[in-house]
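Predicted model, so just to flag it, every value in this text is computed and none were measured. To find a chain, count down the sequence lines: A is the first, B the second, and so on, and within it residues start at 1.
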2 protein chains.
Amino acid sequence: MPFANTEIPGRFQALLAERGVRMTGQRRAILNVVETAKKHLDAGQILRRARKHDPSIDRSTVYRTLGLLKRHGLIDELDLMHLEGEAHYYERKLNRDHIHLACLRCGRITEFVSDLFESLKGQIEKECGYRIAVARLEIGGYCPKCRT
Amino acid sequence: MPFANTEIPGRFQALLAERGVRMTGQRRAILNVVETAKKHLDAGQILRRARKHDPSIDRSTVYRTLGLLKRHGLIDELDLMHLEGEAHYYERKLNRDHIHLACLRCGRITEFVSDLFESLKGQIEKECGYRIAVARLEIGGYCPKCRT
DNA sequence: TATTCTGTTGCAACTCGATTGCAACAACCT
DNA sequence: AGGTTGTTGCAATCGAGTTGCAACAGAATA
């Protein structure tokens, strides 16, 4: 997950406070994990990391907190081509949509930003008449090292 | 699901026979459901429809047959933005990739084919060095009737 | 047509990610 | 500090999908 450096530490906490969301130790631990993640994590991985700070945290709290972050538009939920199992992956939402490429052989994830993608979304809004809320382009394929 | 008219009845059965895949009554029933579907169906809906022809068909047979069709590249598996639950949806694979738009209010699904999408895939292959196997663009938004 | 081989099926048990009801608890406001 | 209300841990539960296995049925062979 690139762009980790664009992240202001404690940004999630500040944004949630602004909106009058109650802050707890468990939430702080989970937000911290998601904010500082350098790769896409699933709920189980987030739970394990959060428990290093607070071992009493429960699975359900992780799911509820991820739901909270989703509802507030702070994170995106990804499938990443269901590379392993059916779990969802989470990442901080950024100003710009990006494409996810998943290598079907080695599992490597690459992100890609493209003006063409923005134009395509524009074309779709115009021609289909939809107002786009989320656009998720996920590609499965073979990365430079793995393609034969 | 448009393009239903581009479908030759019994095409799946012919293609599987060509490849030496054993044909059974249960498979025929399931293939028939998938081939004649006018909208995207999930595994449960496919099971219910197939059971109208052969009430003894089991869930596991549906999943195994869908897996067979996936492995042979005859169908695509879609998430459709997880509109209801986490089930997957299936559709016949066509020559041309298309984009799925899901209305987050009324659940309507619209399909869209775009040259720009093809160009975008070309750009991605060139700039990321990936060989693309599957490209899935799913959009959640509000359709002309539902956007306020 | 009968025989055999091998892939397929139904069944039941199970996996795994995710959700929920509820009593205990802890933020936050005053 | 006290009271209100949102949050938590726990355990039970859900629902999609998978698996092991014995019985079975295509399809090739004799």
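Of all nucleotides listed (dG6(D), dA27(D), dG17(D)), dG6(D) comes nearest to the side chain of Arg22(A). Each of dG17(D), dC10(D), dA25(D) was ranked by its minimum atom distance to the side chain of Arg64(A); first place goes to dC10(D).
To the nearest angstrom, C1' of dC14(D) lies 13 Å from CD of Glu86(B). One can place CD1 of Ile57(A) at 15 Å from P of dT7(D), the figure rounded to the nearest angstrom. Distance Asp79(A) CG to dA16(D) C1': 14 Å, rounded to the nearest Å. Rounded to an integer number of Å, the gap from CZ of Arg48(B) to P of dG15(D) is 13 Å. In this structure, Asp58(B) atom CG and dC24(D) atom C1' are separated by 14 Å, rounded to whole Å. The interatomic distance linking His88(B) (NE2) with dA16(D) (C1') rounds to 9 Å, in whole Å. Going from atom CG of Leu47(B) over to atom P of dT18(D) covers 14 Å, rounded to whole Å. Counting to the nearest Å, the P atom of dC14(D) and the OH atom of Tyr63(A) are 17 Å from each other.
Remark: Glu35(A) does not engage Arg92(A) in a salt bridge, criterion side-chain N to carboxylate O under 4.0 Å. For the pair Asp54(B) and Arg27(B), the salt-bridge criterion is not met [side-chain N within less than 4.0 Å of a carboxylate O]. A salt bridge is absent between Arg136(A) and Asp76(A): the closest approach of a Lys/Arg side-chain nitrogen to an acidic carboxylate oxygen does not fall below 4.0 angstrom.
Not counting sequence neighbours, the partners of His82(A) by the ring-ring contact (aromatic ring centres under 6.0 Å, His included) test are His88(B).
Here the range on DNA chain C touched by chain A, meaning any atom under 4.0 Å from one of its heavy atoms, is dG17(C) to dC28(C).
Two residues, Lys70(B) and Gly25(B), neighbour DNA chain D, and the one matched to the more 5' nucleotide by heavy-atom proximity is Lys70(B). Comparing Thr61(B) and Ala87(A) by the nucleotide of DNA chain C that holds the closest heavy atom to each, the one mapping nearer the 5' end is Thr61(B). Nearer the 5' end of DNA chain D, as judged by each residue's closest nucleotide, is the contact made by Ala43(B), out of Ala43(B) and Val21(B).
Note: Met81(B) CE to Tyr89(B) OH = 12.5 Å, rounded to the nearest 0.5 Å.
Direction change of the helix axis from one end of the helix from dT1(C)-dA30(D) to dT30(C)-dA1(D) to the other is 30°, with five pairs defining each end axis (rounded to 10°).
Side-chain contact, Thr148(A) with Tyr142(A): no donor N or O sits under 3.5 Å from an acceptor N or O. A donor-acceptor pair shorter than 3.5 Å cannot be found between the side chains of Thr65(B) and Gln26(B).
Among the heavy atoms of the strands lying under 4.0 Å from Thr24(B) are primed sugar atoms or P, OP1, OP2 only; no base atom is included.
Counting only distance, with no hydrogens or angles, the side chain of Glu138(A) and the backbone of Asp79(A) share a donor-acceptor pair below 3.5 Å. In terms of modelled atom types and a separation under 3.5 Å, the side chain of Arg131(A) and the main chain of Glu125(A) share no donor-acceptor contact.
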